[in-house]
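Comments concern the structure below.
Atoms within each ligand, like the ligands themselves, are counted from 1 in listed order. Residue numbers run from 1 in the order of the sequence given.
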Amino acid sequence: MKIETVTIFPDYFAPLSLSLLGKAQESGILEFVVHDLRSFATNNHHAVDDTPYGGGAGMVMLPEVWGQALDPLMVDETDLIILTPAGKRFDQSMAQEFSRSSHIVFACGRYEGIDDRVREHYNTETYSSRNIRVHEVSIGDYVLGGGEVASLVMIEAITRLLPGVLGNPESLTEESHNEDGYLEYPNFTKPAVWREIAVPEILLSGNHAEIAKWRAAAANARAKKNL
Ligand code: ADE
């Protein structure tokens, strides 16, 4: 899978070379490329934004700069993800869908967002006929300073689903046995008693059927409590 990000803050993506994602790049499972949006600004001051038509606070990112940055990335079979708090809510099933993509491009907007014609332009037949799909995605109902952190969240959730990225692929099998893919039971390790709190007896029993039952019930109770 190839993942590209377009941003005015390339340094945000330094963590991609850490840990399991760093290893996945070395082994060729993943390729990350970070593009600096400002390098596509050909105007006098390398501006990437301007005031909004119709007035109002804040700045809007220039369509021409985004067009220059995105055009060369729009190869056949691409998912273009525009990060915005107004987008469709990211969840585990969306992560599963994107994990089947061969090429994802994250457009990280700042300020009040990207001129909406950018979304409209890449959402036309010219692109859809080449399997270029545009998605507006939000990672939650809160407003971040920009799409960089949101795309890092998505990258981590998506790439850990790729074969060979996780150290222990069994973690994924267990997750998918779970209807929702993320409802987890509480976990315990040594010692059996810590600060006078004992691990539930059943987990020490070796009775796998009973343990599975206990875990399902505990996961449910936990999910209900956190609703
Ligand atoms: N940009 C600003 N807030 C965001 C959010 N919640 N999700 C995705 N992109 C964003």
Protein contact of atom 3 (N) of ligand 1 - nearest heavy atom, named by residue and atom, plus distance: L144 N, 2.9 Å

Mutual orientation of the aromatic rings belonging to F188 and W214 [parallel < 30°, tilted 30-60°, perpendicular > 60°]: tilted

Polar contact flag for V137 and ligand 1 (N/O pairs, less than 3.5 Å): no

Close-contact set for ligand 1 against G146 heavy atoms, below 4.0 Å: 1 (N)

Whether T7 side chain and F9 backbone form a donor-acceptor pair below 3.5 Å: yes

E184 backbone acceptor or donor facing R222 side chain under 3.5 Å: yes

Test of proximity, I139 against ligand 1: N or O pairs below 3.5 Å: yes

Heavy atom of D141, distance to ligand 1 below 4.0 Å: no

Greater than 12 external heavy atoms within 6.0 Å of E156's CD: no

N/O donor-acceptor pair under 3.5 Å between R38 side chain and H46 backbone: yes

Residue and atom name of the nearest protein heavy atom (relative to atom 9 (N) of ligand 1), distance in Å to one decimal: T84 N, 3.3 Å

Contact partition for A150 relative to ligand 1, non-hydrogen atoms under 4.0 Å: side chain

Nearest non-hydrogen protein atom, atom 6 (N) of ligand 1: Y142 O, 2.8 Å

Side chain T78, main chain M74, donor-acceptor under 3.5 Å: no

